[in-house]
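For reference, the structure is listed below as structure tokens.
In what follows, chains are A, B, ... by sequence order, proteins preceding strands, each numbered from 1.
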Protein chains: 4
Amino acid sequence: MGNSPAAAAMAEGATPTDAKAPRTERGRRTLRKLLDAAAEEFGEKGFHEASVSSITRRAGMALGSFYTYFDSKDALFRALVADMSEKVRTSARSALSAEMSALEIERAALAAFLRFAAEHKEIYRIIDEAEFVDPASYRDHYETIAARIADRLGAGAAAGELRDDLGELEAWAVMGMNVFVGLRYVVWGDKQGLSADAVAAGVNRLLAEGVLRR
Amino acid sequence: MGNSPAAAAMAEGATPTDAKAPRTERGRRTLRKLLDAAAEEFGEKGFHEASVSSITRRAGMALGSFYTYFDSKDALFRALVADMSEKVRTSARSALSAEMSALEIERAALAAFLRFAAEHKEIYRIIDEAEFVDPASYRDHYETIAARIADRLGAGAAAGELRDDLGELEAWAVMGMNVFVGLRYVVWGDKQGLSADAVAAGVNRLLAEGVLRR
Amino acid sequence: MGNSPAAAAMAEGATPTDAKAPRTERGRRTLRKLLDAAAEEFGEKGFHEASVSSITRRAGMALGSFYTYFDSKDALFRALVADMSEKVRTSARSALSAEMSALEIERAALAAFLRFAAEHKEIYRIIDEAEFVDPASYRDHYETIAARIADRLGAGAAAGELRDDLGELEAWAVMGMNVFVGLRYVVWGDKQGLSADAVAAGVNRLLAEGVLRR
Amino acid sequence: MGNSPAAAAMAEGATPTDAKAPRTERGRRTLRKLLDAAAEEFGEKGFHEASVSSITRRAGMALGSFYTYFDSKDALFRALVADMSEKVRTSARSALSAEMSALEIERAALAAFLRFAAEHKEIYRIIDEAEFVDPASYRDHYETIAARIADRLGAGAAAGELRDDLGELEAWAVMGMNVFVGLRYVVWGDKQGLSADAVAAGVNRLLAEGVLRR
DNA sequence: AATGAATGAGCCTTCATTCAT
DNA sequence: TATGAATGAAGGCTCATTCAT
């Protein structure tokens, strides 16, 4: 996590609406430290148990400095959710390629997500807690992903590979599968020792054929 | 906690592990009012924004009385999670019958869950927040359900209806589907106007056949 | 000041809108202690330098107890202003009697005010600071008093004792005289050693005859 | 402070006691902008609600620059009070001339004050708040003005126009009238639509003849 | 001189929990 | 049991002031 490239990117380029834009290089470094510390803190403790003072302590700066960069604890949280949400989507998209079959695409997307979750276990706690802290971005996160999955299913149907009656409902179902297996096998770990690839393969087969014996 | 007999009993009116045992009939009524008020309050505001004083106000009693029934706000929350968790499982189970095919069983279980969620929309927020407030019961809740699904899939395989390589992984995938479509179509409501039965049917077909065109 | 009858009265009877009504005798005592401590604290330090924690310390209770009786520091201040404002008016009124001539009435009203100010020197600081903390009650205070003076001048005119062209303007002028001599000779004290009665007599003569030599 | 030559000078552009001396022309302009911004800010919000950062923002400069010109927020406030105090007195004095009768002088002084207040409504809030922020200059302000009025009354007596028993007491009374009618008719405005001249005339008649019917 | 970042003491307010009646 | 008062730790946020460039 620490100073992940994505956090770095946020601190530099696409500064989120919720953070104030630093004008100096030093300021950019400070903002980055703050974001990293916050991801850790929120991931470990959740929004309410986390404290601004503990975040600044982690980041090695004075309490007041926090408010140079964010208007409130909430604003920081929102910035973080927006950031993580975008990162998940980016990571999935970059794992896909035009040559893949519709099924391969779903498998790759899931595998990418699982890989991402393995490196950012906080994402579950952070996104989940957005349900309480910032419901709008919580819905937004899932609706955006579902829409993307629905698009892919539609494309697969258009290519003649998938059933052509797949819609939003199926997209939400697929998303649910992915999220839950990620929680169980990546975040909570491996009582069963299933690797991310094994998980992706298993879910993909279920997705392809269903459960009926033939 | 999860499926302990005590929690199960609570739904019927006896005392849950986390509550103190009221001795009089009047006490039992008060405890019930408290639990109902808490379900509302936690459902609307989430654990942290909810306050004990607001809960007692809803329940129509004095603040101090709360501690006659629960040792702490946490204890109340745990009791509630256990209660809801038990109720979901009960409602699913009671919708199943021995004559159903494996697929019918899954459809009925989902339909029952959706019906339950429609009447207890708080359940999502309450269970979800357990991830932060009482992680043990959060895991317990989902692991118990997954185990039950896995059992059913195994039974279906044994009966020759389902593939016989279905295991815990598939159970988690199924649970994920169910949970997410419930969130989207029941709790958030019906932009698409899908009825609970339509949702259950759609998911069931996906579960049965998968997405591949044949 | 301490437990002045007026403060006691407020704690008992006409509880001001800004305080929560205590239900027990103990609660009434606590509220009274709080009001007395606040009058001292605000009088000595002014609103902004005063702190809730210092007020509760003065009152010999825990910080949190404050919020059992007031919603905020502002609410306490408003309650205090309303209380003092009413007390000044009451003290003036009770010094008047129907037998007095119009001039005697003005003299008695001023003397009563000076006596009141001598015992409640905080009143100047408290009312004055209301200009910043609660402008509405600041205006209200002075407008109410001016209206009362205007009434008295009108009555004097009706009785044939005073000029009959006296109105609001003159009332404000009279109020200004009274307030300023109170500040100078009562609150700041007696470089000149003028007694309250001497002040009232001097101002009264000025009021009666003006400054022109005859 | 009050009527120190330094404060007097400040109105002309030189450095007040509480400000550091800027060496360049640019510095002098910056200091001026700061003082103007401070008058606005303190006038609108009062001392405590005003913030240094907001003042510098108004003045169009960086926060840190403030301390190039003043040692503290208090110092700025003191400089401002001294400045305003001096300006009121100057404006009154410049409205008087040797040919006027004693009464005419008082009327002209009041009219000048009302005109000044109309253009500098902040003066009330600024002077009033000095009672809390810098009590010394608060007393100084009023004592200086009272002394001036007393001098004028004395001169009028010497000229045989006024009663010869008028002293400090009457001076404070006169000042009180003036200040209060200014507050009511100039700062709070004109429910009654009284013009500044009408106010001055009315007060002047009261001052001349008193309230007794003759 | 000017700037923007950094500092940290201080204050109001909330609220779970305990007490006394 | 029930009630209302009392407690005090904890935390978010502000802002005057200082620093480094």
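- B:Arg57 and B:Ser53 share a donor-acceptor pair across their side chains, judged by distance under 3.5 Å alone.
- Annotation: of the two residues near DNA chain E, B:Phe47 and C:Ser53, the 5′-most nearest-nucleotide partner is C:Ser53.
- To the nearest 0.5 Å, atoms CZ (A:Arg125) and NZ (A:Lys45) are separated by 11.0 Å.
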Fill in the blank from the handout: Intra- and inter-strand pairing of DNA chain F, written as dot-bracket with Watson-Crick and G-U pairs under 3.5 Å and | for the latter, reads .||||||||||||||||||||

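- Judged by distance alone, with hydrogens and angles left aside, the side-chain atoms of C:Glu41 form a donor-acceptor pair with the main-chain N or O of C:Ser51 at under 3.5 Å.
- The residue among A:Glu49 and C:Gly64 whose nearest nucleotide of DNA chain F is located toward the 5' end is C:Gly64.
- Side-chain contact check for C:His48 versus C:Glu129: some heavy-atom pair is nearer than 4.5 Å.
- Atom CG of D:Leu34 and atom C1' of E:dA1 are 13 Å apart (whole Å).
- Residues satisfying the ring pair (Phe, Tyr, Trp, His ring centres under 6.0 Å) test with D:Phe77, not counting sequence neighbours, are D:Phe42, D:Phe47.
- Summarising the geometry, the separation between CZ on D:Phe66 and P on E:dG4 is reported as 17 Å, rounded to the nearest angstrom.
- Rounded to whole Å, the distance from CG on C:Leu76 to P on E:dC11 is 16 Å.
- Listed for the D:Ser72 side chain is a donor-acceptor partner under 3.5 Å among the backbone atoms of D:Ala75.
- Residue C:Ser72 places no side-chain N or O under 4.0 Å from the OP1 or OP2 atom of E:dC12.
- In this structure the side chain of D:Ile55 never reaches within 4.5 angstrom of the side chain of D:Lys73, judged on heavy atoms.
- Atom CG in A:Leu31 sits roughly 15 Å away from atom C1' in E:dG4 (whole-Å rounding).
- No option in C:Asp18, C:Asp83, C:Asp134 other than C:Asp18 meets the side-chain hydrogen bond (donor to acceptor under 3.5 Å, both in side chains) test with C:Arg78.
- Contact of the A:Asp128 side chain with the B:Phe132 side chain is registered, since non-hydrogen atoms from C-beta on lie closer than 4.5 Å.
- Look at CZ on C:Phe42: it is 13 Å from P on E:dC11, rounded to the nearest Å.
- When the nearest nucleotides of DNA chain E are assigned to B:Asp74 and D:Ser65 by heavy-atom distance, the more 5′-ward of the two goes with D:Ser65.
- Rounded to whole angstrom, the span from the NZ atom of C:Lys45 across to the C1' atom of E:dC11 amounts to 12 Å.
- C:Ala50 comes within 4.0 angstrom of the backbone, heavy atoms only, and of no base.
- E:dT14 atom P lies 11 Å from atom CG of C:Leu63, rounded to whole Å.
- Mapping B:Thr68 and C:Thr24 onto DNA chain F via the closest heavy atom, the residue that lands nearer the 5' end is B:Thr68.
- Close approach of DNA chain F to chain A, defined as any atom under 4.0 Å from a non-hydrogen atom of the protein, starts and stops at F:dG12 to F:dT14.
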